[in-house]
Amino acid sequence: MSQELFDLLTRSTPAEARQQLNLSVRDLDAQVLQLTASLNGQGDSPERRATIAYTTARSYESAAETNGAPGPLECTPELRELRDWVCRYYRLQQQQYLTPEFLEWAHRTFDEQVFLAGLREIEATGGLELKDFIHELQ
Amino acid sequence: MSGTLDDPIRYQVVYSELVRNELKELIAKAAERGLKSQVRDAVKEIDERLHVYPQFGQPLRDLLLEAGEQWVGVVPPLVVHYAIYKDRRLVTVTVPITQLSRSGL
């Protein structure tokens, strides 16, 4: 059952998965959350990537609802837990890099003047989003 | 400092001109070393994480001028310093994104 759900998550949006499984928003969030228990302690895998992709897609769904788009979608407690799980995984991935030496370097080399100048620019201009200049990075 | 997630409303993520210009230089340097797609993919991954999971990194300090927190995050081969303003649902990147040491860049 777990592998079937992982496979479905890999090829479907959350809405498609809910429709195929005839599950409510909260019920599917809960099932996906249960799956994370089988992934804890493991590294990167297709199943983990599918779970992260589901959680990210669900976060966009919730944002759409909050921004006024119509729809019965909701931010469930299970989705919050899934997002916590994703963040814990990302932080764990970074531990090999975020050594005390690295963090000391980050503190030491942080240029406050550059930081503040950039903030003033953003306050004045609104700043740039990646979509504004991603084409320059192609 | 808060290290936990809040309601999943996307954050707005904005960059300064300096960050944009330095990224262009970084991409050019990566291209010389055959790492352009790797760096570009890391930039896109950073952007998505900052939008949806801004607390993916490590908190460094509280900011004094405005209620916010300074964070640092790693998406290999890149390092990003950023600030989170939770009440405004805003992330700012005003310090150039740099490469990890020994990243080959």
Side-chain angles (χ1 to χ4, degrees), chain A residues 52 55-67 74-76 79-91 93-98 101-103 105-107 109-123 125-134 136-138, chain B residues 3-21 23-24 26-28 30 36 39-40 43-44 46-58 60-61 63 65-66 68 70-76 79 81 83 85 89-90 92-96 98 100-101:
Chain A
I52 291 173
T55 305
T56 303
R58 277 283 291 124
S59 298
Y60 278 83
E61 285 185 338
S62 292
E65 182 189 42
T66 303
N67 290 337
E74 62 195 82
C75 170
T76 65
L79 177 58
R80 291 191 182 92
E81 285 194 55
L82 279 167
R83 286 167 50 81
D84 268 344
W85 178 83
V86 172
C87 251
R88 285 197 300 273
Y89 171 65
Y90 283 150
R91 287 187 194 141
Q93 270 193 318
Q94 293 178 90
Q95 287 311 304
Q96 60 180 305
Y97 304 108
L98 300 180
E101 294 76 20
F102 175 90
L103 293 174
W105 167 85
H107 275 284
T109 59
F110 174 72
D111 189 328
E112 189 165 356
Q113 296 304 314
V114 169
F115 173 76
L116 291 175
L119 279 184
R120 285 193 292 271
E121 174 199 312
I122 286 172
E123 290 293 334
T125 68
L128 298 162
E129 297 187 355
L130 184 62
K131 61 181 172 63
D132 297 326
F133 61 93
I134 187 64
E136 298 174 2
L137 307 181
Q138 301 296 338
Chain B
T4 58
L5 290 178
D6 37 35
D7 282 339
I9 299 171
R10 283 186 67 193
Y11 280 67
Q12 184 187 15
V13 180
V14 290
Y15 304 82
S16 66
E17 281 283 354
L18 176 66
V19 171
R20 174 173 82 170
N21 294 336
L23 264 178
K24 286 164 64 176
L26 188 65
I27 290 283
K36 181 178 180 180
V39 170
R40 200 172 56 231
V43 170
K44 290 178 181 176
I46 285 171
D47 189 70
E48 177 163 283
R49 289 193 194 183
L50 292 178
H51 274 95
V52 184
Y53 309 107
Q55 291 93 349
F56 83 95
Q58 173 83 21
L60 290 181
R61 58 170 71 91
L63 298 171
L65 287 180
E66 187 178 340
Q70 187 197 350
W71 290 64
V72 64
V74 173
V75 178
V79 180
H81 287 260
Y85 302 92
R89 282 292 191 276
L90 175 67
T92 62
V93 183
T94 58
V95 175
T98 57
L100 273 171
S101 58

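Below, each value reflects all heavy atoms present in this structure, side chains not excepted, and no hydrogens, waters or symmetry copies. Source: prediction; values computed, not measured. Here is the naming used below: chain letters follow the sequence lines, and residue numbers restart at 1 for every chain.
Scanning both residues, S16(B) and G118(A), for their nearest heavy atoms gives CB-CA, 4.1 Å.
How far CD of Q138(A) is from CZ of R40(B): 5.0 Å, rounded to the nearest 0.5 Å. The structure places CD of E48(B) at 5.5 Å from OG1 of T56(A), a figure rounded to the nearest 0.5 Å. Note that CD of Q55(B) and CZ of R88(A) are 13.0 Å apart. Values are rounded to the nearest 0.5 Å. Distance NE2/H51(B) to OH/Y60(A): 6.5 Å, rounded to 0.5 Å. Separating the CZ atom in R49(B) from the OH atom in Y90(A) is a distance of 4.5 Å, to the nearest 0.5 Å. Between the OG1 atom of T94(B) and the CG atom of L116(A) there is a distance of 8.0 Å, given to the nearest 0.5 Å.
Heavy-atom distances place the side chain of E123(A), and not its backbone, under 4.5 Å from chain B. For chain B, the nearby parts of V114(A) are the backbone and the side chain; heavy atoms of each come within less than 4.5 Å. Looking at K36(B), only its side chain comes within 4.5 Å of chain A, counting heavy atoms on both sides. Proximity to chain B (any heavy atom under 4.5 Å) is restricted, for Y97(A), to the side chain, taken from C-beta onward. Looking at F102(A), only its side chain comes within 4.5 Å of chain B, counting heavy atoms on both sides. Proximity to chain B involves both the backbone and the side chain of L137(A), based on heavy atoms less than 4.5 angstrom apart. Looking at E121(A), only its side chain comes within 4.5 Å of chain B, counting heavy atoms on both sides. Contact of T55(A) with chain B is made through backbone and side chain together, with heavy-atom distances under 4.5 Å. When heavy atoms are compared at a cutoff of 4.5 Å, L119(A) approaches chain B by way of both its backbone and its side chain.
Heavy-atom pairs under 4.5 Å with chain A were tallied for V74(B), V43(B), I27(B); the largest tally goes to V74(B). Of the listed residues (A83(B), P76(B), A28(B)), the one with the most heavy-atom contacts under 4.5 Å to chain A is P76(B). Chain A forms the most heavy-atom pairs under 4.5 Å with one residue out of V93(B), V75(B), V79(B), and that residue is V79(B). Per-residue heavy-atom pair counts under 4.5 Å with chain A were compared for D47(B), V13(B), L18(B), and the maximum is reached by D47(B).
Using a 30° and 60° split on the angle between ring planes, F133(A) and Y15(B) fall in the perpendicular class, above 60°.
Residues forming a salt bridge (charged side-chain N to carboxylate O under 4.0 Å, His left out) with R20(B) (at least two apart in sequence, or on another chain): E136(A), E17(B).
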Problem set entry | Verdict with reasoning, F56(B) to R91(A), per side chain to side chain contact (heavy atoms under 4.5 Å, CB included) | CA-CA 6 Å; F56(B) 83 95; R91(A) 287 187 194 141; 5.7 Å; no
Practice problem: Go through the steps for S59(A) and Y53(B) under the test side-chain hydrogen bond (donor to acceptor under 3.5 Å, both in side chains), then give the verdict. | Solution: CA-CA 10 Å; S59(A) 298; Y53(B) 309 107; 4.6 Å; no
